[in-house]
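Remarks on the structure that follows.
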Amino acid sequence: MSATAALGQIDITSTPHVPMSRLAKVEFRKALDTRAGRWFAISIVGLVLVVEVIYALVADEGSKNYGDFLGIAGAVLGYFLPILIIMLVTSEASQRNGLVTFTLEPRRPRVVVAKFIAGLLLGVSVMIMGAVVAAVGTVVGMLAGGAPEWSVDGNLLFNGFVLANLIGIFIGFAIGMLLMNTPAAIVGYFAYSLILPIAVGILGALSEGFEKIAPWIEFNTAQTPLFMGDYTPTGEEWAQIAVSGTIWLIIPLAFGIMRLLRIEFK
Amino acid sequence: MITVEGLTRKYGAFTAVDDVSFVCQPGRVTGFLGPNGAGKTTTMRVMVGLTPPTSGRVTIGGHLYQDIPNPGLHVGVLLDASAQHAGRTGREILTIGAQTMGLPSSRVDEMLELVSLSPSESKRRLRNYSLGMKQRLGIAHALLGDPSVLILDEPANGLDPAGIRWMRGLLKGYADRGGTVLLSSHLLHEVEMIADEMILIGRGKIVAQGDKKSLLAGAATATTLVTSLDNAALASALTAKGFDVQPAGEGLKVGTESVEVGRAAAENNIVLTDLRYGGAGLEDLFLELTADTQREAATEGVQA
């Protein structure tokens, strides 16, 4: 206890702020220190492994290259990484530990930044593990009689694997912060990632006009060129990603951050 | 020192806290007392920046809470012992707090020992904790950074009698070393035993504040319990003097000071066998004061 306490004043001049590195480290730890968080992260990597092994055993000889396995790892991660992020963000309200988090660091924007850093670190770590598992899958494919090509198309790596998953991570942040409730955010995420593209696909099949507009207004559809064909969106396709991304990612993310900064943690 | 100045918090048309002002002095335990929903928690939430005030402000040690860097080192807070991730172990919860504040992990062990949570208990997950264990963990968390100010919302809730006594000693010692302690409760006896200073709140307004003595001195109605060898004669003598007299058990309950009862007995040569202060103490005062806030806009008469 400081001597100044007797006077009723607190001397804060010699107390530094909590550094961002420490906040981010704590947030990273919080993502993995519960059974739910840890096992979900392990399960994602495990699921990638299972899918890779099955693929290695059943795929055509000609499509057992490392690039193929990497694409599959990216697709599986793409579905589940956002949920890991959603759990990291929403537990503050659903598990109510936000009361403590925002009492120990009342300047909320710093906590938001720390969560972004932790979420990105977590995502990149899982992606690296996914890439390693893809290599394991490739070796299994080799043992099952394939002659894989190990070199990877740079566009596949950056667009189909890294960029697509980074988008997924930020989608997780947006939905998590916007809904601030774990079950609701996970349901919302699956509605966004599974139901929405199907609905758009059906509408597109019914109306040729809609099919043309769809990639401009539906983010999943717009992202398809990232992991199809030569993994290189054309100029128009990049524009579609930017426009639909603004609707489904940038705006929700902005509202989500605003909500997190104002919400009363009860 | 905690200074609350003209604090008001409204939720739509509902006013949770209405122009509340008080000061918690260092070296003293201040009890914040009021029935459920009186505004205690809202006031404390505003103190630590979780809820923005509609008007007014709270400073701790001269600063707004938001302006205190690494606040865990200066202000220990326990608002709700259950507000932690149920899947984390007690030790992990303290570790996260210690890491955020930049404290060594040895501090976690010290705090676990201080609140008597055993190593095996500290490895259990919070969802398997009893309320009493959660409270101990919450107090440990509040004390992690060795703060000079403690803000505790219903800390005795769920503690067993031995635990309540332990907490009393802990907080007394803490205040004796110069710390500022604010603790809330809806149970008067809890606060009465520990607090040097009391703040009574009802319906979002402060209805009384001061130490126990000055609060009782301000109580509107004095009641005396008396038993004598001739209760009937004493009753008629007191009634003749204009006092309210009611039978109570073996004796009488009289609506006046004990000195008046004694005087009446002496004048009438009645032998008293028992004479004592009849109000249930602060409890009556507390219920009376908080009931008043439900009928009237404000009760100024007993402001200490």
Side-chain angles (χ1 to χ4, degrees), chain A residues 1-19 21-40 87-88 90-108 110-111 114 182 261-266, chain B residues 1-3 11 23-27 41 45 48-52 59-75 77-80 82-89 92-93 95-97 99-102 125-126 138 141 144-149 151 174 177-180:
Chain A
M1 217 172 292
S2 61
T4 50
L7 304 167
Q9 297 297 308
I10 296 177
D11 179 14
I12 57 171
T13 48
S14 56
T15 315
H17 283 289
V18 182
S21 58
R22 218 156 72 201
L23 284 177
K25 192 178 140 203
V26 168
E27 289 302 330
F28 189 84
R29 184 184 178 109
K30 279 159 72 178
L32 297 174
D33 71 351
T34 61
R35 228 178 267 173
R38 188 165 51 240
W39 282 105
F40 193 75
M87 283 162 57
L88 172 68
T90 53
S91 67
E92 297 288 349
S94 281
Q95 294 283 344
R96 304 185 57 219
N97 50 307
L99 243 68
V100 171
T101 306
F102 293 101
T103 307
L104 291 182
E105 180 47 274
R107 294 179 303 164
R108 294 191 183 184
R110 303 192 78 229
V111 177
T182 311
L261 295 182
R262 286 153 182 252
I263 190 174
E264 266 196 72
F265 285 93
K266 294 276 178 180
Chain B
M1 185 165 77
I2 306 169
T3 311
Y11 290 95
V23 175
C24 304
Q25 298 290 354
T41 302
R45 290 174 53 86
V48 299
L50 283 172
T51 295
T59 57
I60 299 176
H63 312 277
L64 289 175
Y65 187 87
Q66 292 89 323
D67 295 339
I68 302 174
N70 204 349
L73 297 181
H74 298 290
V75 186
V77 181
L78 171 59
L79 287 184
D80 184 344
S82 302
Q84 287 283 5
H85 199 298
R88 285 199 182 107
T89 65
E92 179 64 19
I93 286 169
T95 303
I96 288 174
Q99 285 197 352
T100 308
M101 293 179 222
R125 288 169 201 281
L126 192 83
H141 194 278
L144 262 177
D146 193 19
S148 59
V149 176
I151 296 172
Y174 186 85
R177 294 198 305 276
T180 308

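Being a predicted model, the structure only gives us computed values, none of them experimental.
Counting heavy atoms from C-beta outward, A/K266 and B/D80 have side chains that stay 4.5 Å or more apart. You'll find the side chain of B/Y65 reaches within 4.5 Å of the side chain of A/T103, heavy atoms only. The side-chain heavy atoms of A/L104 and B/H141, taken from C-beta on, include a pair separated by under 4.5 Å. Using a 4.5 Å heavy-atom threshold, the side chains of A/R29 and B/T95 count as touching.
Ranked by heavy-atom pairs under 4.5 Å with chain B, the first of A/E92, A/E105, A/R22, A/R108 is A/R22. With chain A as the partner, the residue from B/C24, B/P71, B/S82 showing the most heavy-atom pairs under 4.5 Å is B/P71. The greatest number of non-hydrogen atom pairs below 4.5 Å with chain B, out of A/D33, A/L99, A/I263, is found for A/D33.
Interface remark: A/R107 contributes side-chain atoms only to the contact with chain B (heavy atom separation under 4.5 Å).
Among residues two or more places apart in sequence or in another chain, the salt bridge (Lys or Arg N to Asp or Glu O under 4.0 Å) test is passed with A/R38 by none. A/F28 pairs by the ring-ring contact (aromatic ring centres under 6.0 Å, His included) definition with nothing, not counting sequence neighbours.
A side chain to side chain contact (heavy atoms under 4.5 Å, CB included) with B/L73 is found for one member of A/I12, A/T15, A/I10 and no other, namely A/T15.
For A/Q95 (side chain) and B/A86 (main-chain N/O), a donor-acceptor pair under 3.5 Å exists by modelled atom type. Under the 3.5 Å distance criterion, the side-chain polar atoms of B/R88 are matched with a main-chain donor or acceptor of A/K30.
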